[in-house]
Q: 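Pasting in a structure now, in structure tokens, and then I'll have a few things to ask.
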Amino acid sequence: ERLEEEGRDCAFHPLVMTPQKKEFNPEKLVERLNGWESVRKEKIQRTREDEIEGSMKKCTFRPEICDSPYSSKEINFPTDKGVQKHIEKQLSARKRSLESTPRTPEKK
């Protein structure tokens, strides 16, 4: 009674909420934790990408691959006599094997 009387005399009356009982739902907890984990992983990934991008800005070497004189298809490499003889032998052997196998008429 004494507290009630003192409370009436005061100008300030705070609204105190009574605690409500919440049911524990483990599925919601797991969802919330997984959400935090995914946000954390995304943040780490963005940080790593930013670090890589920042380190690449420091690189000054920019190769021009397409304008290379060696990119054309007509490069003549010097060949050794032994290599040239080997290639000639292979070609003649192929030619002989084609001549020795009988041809079958093509079906239309």
Q: Between atom CG of Asp50 and atom OG of Ser55, what is the distance when rounded to the nearest 0.5 Å?
A: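 Taking CG in Asp50 and OG in Ser55, the distance rounds to 11.0 Å.
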Q: Any pair with a residue in residues 34-43 that passes side-chain hydrogen bond (donor to acceptor under 3.5 Å, both in side chains), sequence neighbours left out, goes on the list, sorted by first then second residue, please.
A: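 Qualifying pairs: Glu37-Arg40.
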Q: Just how far is it from atom CZ of Arg94 to atom NZ of Lys89, taken to the nearest 0.5 Å?
A: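 One gets 15.0 Å once the value is rounded to the nearest 0.5 Å.
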Q: Should side-chain heavy atoms under 4.5 Å link Ile, Leu, Val, Met, Phe, Trp and Tyr, which residues sit in the same cluster as Val39?
A: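 Its cluster mates, by chain and number: none.
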Q: I'd like to check Leu33 versus Leu29 (side-chain heavy atoms, cut-off strictly below 4.5 Å). Are they in contact?
A: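 Answer yes - side chains close enough.
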Q: Once you round to the nearest 0.5 Å, how far does NE2 of His86 lie from CD of Gln90?
A: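 Reported value, rounded in 0.5 Å steps: 3.5 Å.
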Q: The criterion is side-chain hydrogen bond (donor to acceptor under 3.5 Å, both in side chains); which residues satisfy it with Glu49, sequence neighbours excluded?
A: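 Gln45.
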